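Notes follow the structure.
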There are 2 protein chains.
Amino acid sequence: MPYTYTYPRPALTVDAVVFGFDEGALKILLIQRAHPPFEGRWAFPGGFVHVDETLDQAVRRELEEETGASRIYLEQLYSFGALDRDPRERVVSVAYYALVRLSDYRIRAATDARAARWFPAAHTPRLAFDHAEILKVARGRLRGKVRYQPVGFELLPEKFTLTEIQHLYEAVLESELDKRNFRRKLLAMGLLAELNEYQTGVRHRAARLYRFDRRRYQELTRRGFDFEL
Amino acid sequence: MPYTYTYPRPALTVDAVVFGFDEGALKILLIQRAHPPFEGRWAFPGGFVHVDETLDQAVRRELEEETGASRIYLEQLYSFGALDRDPRERVVSVAYYALVRLSDYRIRAATDARAARWFPAAHTPRLAFDHAEILKVARGRLRGKVRYQPVGFELLPEKFTLTEIQHLYEAVLESELDKRNFRRKLLAMGLLAELNEYQTGVRHRAARLYRFDRRRYQELTRRGFDFEL
DNA sequence: CCAAAAGTGTTTCACGTACACCCATGC
DNA sequence: GCATGGGTGTACGTGAAACACTTTTGG
C-alpha cells in the first residue's frame, strides 16, 4: 500500500551507539551489514522510524530486535542530516547512545543472522555511512556526561569494586586517575553502599564490593546535590 | 507532482529558538500563527526540511525567510518526536537554538505579514505545539553552554561593558553574581581586549568598553585552554 | 615467600567566595 | 551637590592534586 505526499520527504531513521564496558575497555556494539550499500561493513544497530512510534520507541524496538536487549539507559545524541550520508536516498538519522551492563547478558546476534559483535570503542573496523562521525560525537558526549551525572554505573554490574569503576572512568575519560583521590571523592558523595561482600576467584587480596545507591542519589538530587567527578 | 513511498513517512521540520539579549533580559523571538492549528498562538520560526538541504541549511533558510537574519550562531538542540505534537499529522522536528545580536539589527516581520515579536524568555504567551517544552530544553541548554563556552558574546554588541556581560550571565543563569569576582575571573582568562573607548549617553560615570578577542580564544583553545565561568 | 592488587593520610597550593568603600560623571 | 553606577583588594576556607608504603591473599 503506497503512501503519497505533495512534497518529497526525507526518510527518517534512528541509530544507536551501544556502549559496554568489559576487560577494562570501553566497547561498542556493531552489526555487520548483509546487503548493499556498505555490504560487509560494520554499522550501528538502527532502522526506520515508523509513523506510529516515537523516536525513543523506535530505538528501543530496533535494539530489542537486533540485540535482545531491553531496559537499557538511552539518551538522544544528535540528528545527522548530511545530504549524502546514505547513497540510496535522503536519510535523516536521529542518533542515540545506550549504556548496557555487558556483564548481565551476552548480546545475541539478530534473528536474520547478521553478525553482531563488540569492538573496542577506540579500535573499530571501518564503519558504514557516517557512523565514524556519529561514534566520535557519542564518545565525546559520554565523556562529558560521565563527569556530572552518575551514568557510569549503568555500564557496571550491580556489585563492583572501586578499582573497576576507576578503570571505567579512565576508559571513558581517556586519562589516568589517582587512586586515592578518586576513591576519596567518590566515597565522599555518599552514593555507594558498602557491601559485606568481596571479590572471588582473584589470586590476590579480594576487593570489597559496592553498590550504587539509586534512592540515595534521588534523595540528594532533590536537595540540590550535584554529582561531579 | 506527488511523491510516493512504500511506507508512510513522518514529516520532518526544523524549529529555532532564537535568543536575544536586551534591556538586561533574555528574549526570544516568536511568530504569531496566521492559520490553524493554533491560529493566533505564538510559535518558534520553523518549517519543513526540503529533501535537497541539510538540517542546518533548513534552519538558516527559515530564519532568513521569517526574520531576515543571517550569519547567526546556531546549534542543534534536540529532536522532538512525540506522536501528537502536531494534531494534523505525524511531524518530527529537529529543534535548534540561535543567538543573535539584538543590537545589530532589528528583526523584521516575515513577508507574509505574520507578526514577529520579541518576548522575555521568562514570560512568553502560551505557545503552539510542544514549543513550551522546546523552550524549556533550550533555556537549560543555554544555561549549561554559557558556562563552558564563550557563547554569551554572540548575544552582545561588538563592544560592551563588563556590567553588560555580567547582566547577561545573570539573565541566562537566573542567579546573581558578585561583581568583583565576576570581573576578576573573566579578565583573568585574557579573552577580552580592553578598548580605549567608553560608554556614551549615560548620566553617570561612563564604563570602559571591551571586545571579545576571538583570535586569542582560538589560540588558547589550541593550547588546551578551557573556558569556564 | 612471592606476586599482585587492596587499602589508606597528609601536605600543599590554587581558587572560589564573601565582603565595602571611594571615584567619576551628568544633571 | 547629589544620584548613579564604575571600579577596585583582601582574608578565609574548601577542595584539588601530588605522593608511597603496608596489608592481604592465593598460588
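Residue numbering restarts at 1 for every chain, and letters A, B, ... go by the order of the sequence lines. Note that this is a predicted model, so its numbers are computed, not measured.
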Want to settle it: does A:Val202 or B:Thr163 sit nearer the 5' end of DNA chain D, counting the closest nucleotide to each? B:Thr163
Quick check: on DNA chain D, is the nucleotide nearest A:His204 upstream (toward 5') of the one nearest A:Lys185, or the reverse? Name the residue that is more 5'.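 The residue mapped nearer the 5' terminus is A:Lys185.
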For B:Arg183, answer base if it contacts any base atom (sugar-phosphate contacts may also be present), sugar-phosphate if it contacts only those atoms, and nothing otherwise; contact means non-hydrogen atoms under 4.0 Å. base
For A:Tyr217 and A:Glu219, test the side chains for any donor-to-acceptor distance below 3.5 angstrom and give the result as yes or no. no
Between B:Arg41 and B:Leu127, is there a donor-acceptor pair closer than 3.5 Å when you use the side chain of the first and the backbone of the second?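 A pair under 3.5 Å: yes.
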Can you tell me how far [atom2] of [N] sits from [atom1] of [X], to the nearest Å?
X        : N      : atom1 : atom2 : value
B:Phe182 : D:dG9  : CZ    : P     : 19 Å
B:Leu209 : D:dG5  : CG    : P     : 17 Å
B:Arg208 : D:dG5  : CZ    : C1'   : 16 Å
B:Arg203 : D:dC2  : CZ    : C1'   : 11 Å
B:Glu176 : C:dG16 : CD    : P     : 20 Å
B:Asp226 : C:dC15 : CG    : P     : 14 Å
B:Glu170 : D:dG5  : CD    : P     : 14 Å
B:Glu228 : D:dA16 : CD    : C1'   : 13 Å

Does the side chain of B:Tyr210 come within less than 4.5 Å of B:Thr161's, by heavy atoms? no
Is there side-chain contact between A:Tyr78 and B:Gln76, with heavy atoms separated by less than 4.5 Å? yes
Using a cut-off of strictly less than 4.0 Å, decide whether B:Arg184 has a side-chain nitrogen or oxygen near OP1 or OP2 of D:dT8. no
Do other residues, nucleotides or ligands put more than 12 heavy atoms under 6.0 Å from A:Arg143 CZ?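 Atom CZ in A:Arg143 is packed in, count exceeds 12.
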Do A:Arg180 and C:dA6 share a donor-acceptor pair, side chain to base, under 3.5 Å? no
Check this for me: does the side-chain of A:Lys179 come within 3.5 Å of the base of C:dG7 through a donor and an acceptor? yes
Go through C:dC19, D:dC19, C:dT25 for me and flag the one nearest to the B:Asn181 side chain.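 Among C:dC19, D:dC19, C:dT25, the one nearest the side chain of B:Asn181 is C:dC19.
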